Amino acid sequence: MNDRPISCTLSAFLHFISLRALLCILAIFFTFQSSLYAQSINLTEKIDDTLPSDLNFWSDIPDRELAEQIVRRMTDQELLAQILMFGWAGTEPSALLNQWVTRRGLGSVKVFGWNTDNIHLVAKSVSTLQREAASGRFKIPLFVATDQEGGWIRHVKGTTSETPGNMAIGASGLPLDAYYSGYYINKEIRALGINLNFAPVVDLYTNLNSSVIGPRSFGSEPESASVLAMAFSRGCEAAGVIPTAKHFPGHGDTSLDSHGKLPSIDIDFETWEQRELVPFKHLIDSKVPAIMSGHLAYPQIDKSGAPASLSKYFLTDILRQRLGFEGLIITDDMMMNGATQFAGSLTKAFTMAIEAGNDIIISSSTAGLNDSLWTKNLELMQSDESFNERVKDAARRVIIAKLSYFKGDNAAPLYPDESKIDEHIPDKDGQKFFLEQACRSITLYKNEGTVPLKLKSSEKVLIVAPYVSLYKQGRKRYPKAATYYISSELKSDSSNYNEWNAPNIVNVASAYDTIIFCVYDRHSASILQRLKGLGKKVVVLSIMSPVPVLERFDWVNSILCGYSYSDYTFNALFAALNGEINPKGLVPLSTNP
């Protein structure tokens, strides 16, 4: 920012557009748009002997006909491999993953956060894997996926943009913020050859104790979340990456994380239909190309207690038949306990996921070539005709989606140019946008005369936070401020609690006139509570979920809410505190804390 006041340039009139009216306009528009990726697949053609015996993915044949002919010529092994997606543990794909691509014809791979500090190596890995896929019998490219939601969840790291995130978009309420967030986030990963993004998160923030969704959500109001999710998806597509709405049927009304155990959301069908389902329904109407099924039980709706990812009722009866969704259904990671605990084994979970109606089954690790999840499901294909047809249906849908995407005019490069990556990442226009977006998101939740904060010459200021980059932004405005570090990993029941001197905060703060305190979770809020009664001027900078500061801090002077730990958010928070911008964001939660 070069010490200049920040200018937030988006036209103010957009604040007055009715989200509900805009939703109607978008729904009408999207009704007349044909999906780039999802098409009807009710084909019954037999192998056409007049077509070349060596036809492949790139043959000049209409997409649906070509997909049908490829499926009918595939072996059971090729069909099953086409609907699997594996990740890898190291910085480069393992020899085992390469064998899955070259020997089995694996359909998709996923880039996880542990692969991505060196984005040049990511691009190299993508190129290598795509060249191996191109050497296969049908030359079918890989879907290369990741989770680049923005904000908190950013699996591709390195120099990619660390953005304000979905809740910041919800705080501004502007569809253009959602659209350009989707555009710039995905423009960066597109340069690496990543073509499928597991975003946007459309889960509503309905449970304020949520530890897994929180600021990943656009907010708690279904209609506004729908508009923002649709805009984000369109930005994603404009950048040349396939978006995925997640986590169906809705992960927001639970405090549990399905990585550890199966969350159970005990609401009835009517409540779900009027709340969690709303964003998914609007995205389906707008032809979103993919939806991720979540490891979430809704026992009042599916009385079997099965997670939705393994539930034929949720995925086939509701999502396919009742809602008419034609795109790809993709599981969340099957290595998560929420899926395997219910099924009893990973192999059974894979079987149930396929039978339920998923088209792509994800494992964060690469299975062994002869693991039972492969051998048992292959045996089932050969002994159970209905299961075989279900795998064919999934493979056909995946191939149609790939044909529509890769033969389109805006696909991510199969072989990204490593020499030009630094020209695209971070995106220069995106950097300017994300700062402006962060400014529009800042919420002045409470103010008792300390915003803007103008100091007397003798006034002593202390900044308490776990982020060096936050100190940097603070000292731009308040050069003489002292700092006090608290660890973002610190918990009151951990062995290092005393090591980080959290109990000494009262003694330290007593020597200062004004305390600027960063709250990032419930534990940091408990440390802040120690300052009550000191008689000091206290300004709270809330990042991530605002819930911890909405509950019990009527005694502090001011509360400013940002919604991420990005530098853009830190810059915008201090710009608001210093009077450089007028914070106009609103906390996007309708539920009373």
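For this chain, numbers begin at 1 and follow the sequence in order. Only a predicted model underlies this, so the values are computations on that prediction, with no experimental measurement involved.
For the pair E276 and Y298, the tightest heavy-atom approach, listed with the atom from each and the gap, is CG-OH, 4.0 Å. Scanning all heavy atoms of the two residues, the minimum distance from T116 to V122 falls at CA-CG2, 3.8 Å. The two atoms that bring G158 and I119 nearest to each other are CA-CG2, 4.1 Å, heavy atoms only. Nearest heavy atom pair, residue K460 against residue A511, reads NZ-O, 3.3 Å. Heavy-atom minimum distance, V126 versus P416: CG1-CD, 4.3 Å. The shortest non-hydrogen separation linking G250 to L296 is O-CD1, 3.4 Å.
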For side chain to side chain donor-acceptor pair (under 3.5 Å), just list the numbers for T443 and Y563, CA-CA rounded to whole Å, side-chain angles, deciding distance to a tenth of an Å, and then say yes or no. CA-CA 9 Å; T443 304; Y563 303 91; 2.7 Å; yes

Take T331 and S309 through the side chain to side chain donor-acceptor pair (under 3.5 Å) test and state the conclusion after the steps. CA-CA 6 Å; T331 70; S309 55; over 6 Å; no

For V451 and L444, what are the C-alpha separation, side-chain angles and deciding distance, and is it a side chain to side chain contact (heavy atoms under 4.5 Å, CB included)? CA-CA 8 Å; V451 178; L444 182 56; 4.0 Å; yes

Between D253 and W272, is a side chain to side chain contact (heavy atoms under 4.5 Å, CB included) present by the stated rule, with each step listed? CA-CA 10 Å; D253 193 15; W272 172 70; over 6 Å; no

Given the rule in the side chain to side chain donor-acceptor pair (under 3.5 Å) test, do S590 and S220 qualify, once you have shown the distances and angles that lead to the verdict? CA-CA 6 Å; S590 58; S220 60; 3.0 Å; yes

When you look at F574 and L470, which way does the side chain to side chain contact (heavy atoms under 4.5 Å, CB included) test go after all the steps? CA-CA 9 Å; F574 275 104; L470 186 142; 3.8 Å; yes

Please evaluate residues L528 and V538 with respect to the criterion side chain to side chain contact (heavy atoms under 4.5 Å, CB included), reporting the C-alpha separation (whole Å), side-chain torsions for both, the decisive distance (0.1 Å), and the verdict. CA-CA 9 Å; L528 170 62; V538 178; 4.0 Å; yes

Run N115 and H155 through side chain to side chain donor-acceptor pair (under 3.5 Å) and show every step you take. CA-CA 8 Å; N115 309 139; H155 277 195; over 6 Å; no

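Salt-bridge formation is not detected for the pair D117/K157: no Lys NZ or Arg NE/NH1/NH2 atom is positioned less than 4.0 Å from an Asp or Glu carboxylate oxygen. The pair E459-K537 meets the salt-bridge criterion, since a charged nitrogen lies less than 4.0 angstrom from a carboxylate oxygen. Salt bridge annotation for K281-E273: absent, with no cationic side-chain nitrogen under 4.0 angstrom from a carboxylate oxygen. The pair D147-K110 meets the salt-bridge criterion, since a charged nitrogen lies less than 4.0 angstrom from a carboxylate oxygen. Salt bridge present: R440 and D177 bring a charged side-chain N and a carboxylate O closer than 4.0 Å. E149 and R154 are not joined by a salt bridge, as no carboxylate oxygen comes within less than 4.0 angstrom of a charged side-chain nitrogen. Contact check on R190 versus E188 returns no salt bridge, with no Lys/Arg side-chain nitrogen under 4.0 Å from an Asp/Glu carboxylate oxygen.
If you check the side chains of S364 and D333, you find a donor sitting under 3.5 Å from an acceptor. No side-chain donor from either of Y179 and S233 sits under 3.5 Å from a side-chain acceptor of the other. Side-chain N/O atoms of N447 and S558 include a donor and acceptor closer than 3.5 Å. Checking R522 against N209 by side-chain atom types alone, a donor-acceptor pair falls below 3.5 Å. With hydrogens and angles left out, the side-chain atoms of S226 and E223 include no donor and acceptor closer than 3.5 Å. With 3.5 Å as the limit, one finds a donor-acceptor pair spanning the side chains of S566 and S564. There is no side-chain donor-acceptor pair under 3.5 Å between N207 and S210. A side-chain donor from one of D567 and S469 sits under 3.5 Å from a side-chain acceptor of the other.
Under the side-chain contact (heavy atoms from CB on, under 4.5 Å) rule, F517 has a single partner from V549, L462, I486, which is I486.
With rounding to the nearest 0.5 angstrom, the CD1 atom of I421 is 8.5 Å from the NE2 atom of H424. Distance check, rounded to the nearest 0.5 Å: NZ of K536 to CG of D513 gives 6.0 Å. Between atom CG of residue L174 and atom OG of residue S224 there is a gap of 11.5 Å, rounded to the nearest 0.5 Å. Atom CG in N410 sits 12.0 Å away from atom CG in N195 (nearest 0.5 Å). A distance of 6.5 Å separates CG of L589 from OG of S545, quoted to the nearest 0.5 Å.
Inter-residue side-chain proximity for I291 and I284 is flagged as met; some heavy-atom pair is nearer than 4.5 Å. Contact check for Y484 versus I515: no side-chain heavy atoms found under the 4.5 Å cut-off. Annotation: side chain of T244 is not in contact with side chain of N197 (no heavy-atom distance under 4.5 Å). Within the 4.5 Å cutoff, no side-chain heavy atoms of R234 are placed close to those of P175. Residues L534 and S510 form a side-chain contact, since some pair of their non-hydrogen atoms from C-beta on lies under 4.5 Å apart. In this structure the side chain of K480 never reaches within 4.5 angstrom of the side chain of L455, judged on heavy atoms. When side chains are defined from C-beta on, D332 counts as touching H247, because their heavy atoms get closer than 4.5 Å. No side-chain heavy atom of P548 sits less than 4.5 Å from a side-chain heavy atom of S524.
Using bins of under 30°, 30° to 60° and over 60° for the plane-to-plane angle, the ring pair F112/W114 lands in the parallel bin. Aromatic ring pairs are classed by plane angle as parallel below 30°, tilted from 30° to 60° and perpendicular above 60°; the pair F280 and F248 is perpendicular. Using the six-membered ring where Trp is involved, Y183 and Y180 have ring planes that are perpendicular, over 60° apart on the 30 and 60° scheme.
You'll find the ring centres of Y520 and Y565 outside the 6.0 Å limit.
The backbone N or O of E580 sits nowhere less than 3.5 Å from a side-chain atom of N578 that would complete a donor-acceptor pair. With hydrogens and angles disregarded, a donor-acceptor distance shorter than 3.5 Å links the side chain of S217 to the backbone of G219.
The ring-ring contact (aromatic ring centres under 6.0 Å, His included) contacts involving residues 209-236 comprise nothing, where partners must be two or more places apart or lie in separate chains.
Take S181 and apply the side-chain hydrogen bond (donor to acceptor under 3.5 Å, both in side chains) test, not counting sequence neighbours, and it matches Q437. Applying the side-chain hydrogen bond (donor to acceptor under 3.5 Å, both in side chains) criterion to R475, with sequence neighbours excluded, gives no partner residue.
Applying the 6.0 Å contact sphere to NZ of K420 captures no more than 12 heavy atoms from other residues, nucleotides or ligands. More than 12 heavy-atom neighbours from other residues, nucleotides or ligands sit within 6.0 angstrom of NZ on K454. For NZ of K124, the number of neighbouring non-hydrogen atoms (other residues, nucleotides, ligands) closer than 6.0 Å is 12 at most.
Figure legend: cation-pi geometry between K246 and F198 absent, as NZ or CZ is not positioned both under 6.0 Å from the six-membered ring centre and within 45° of its axis.
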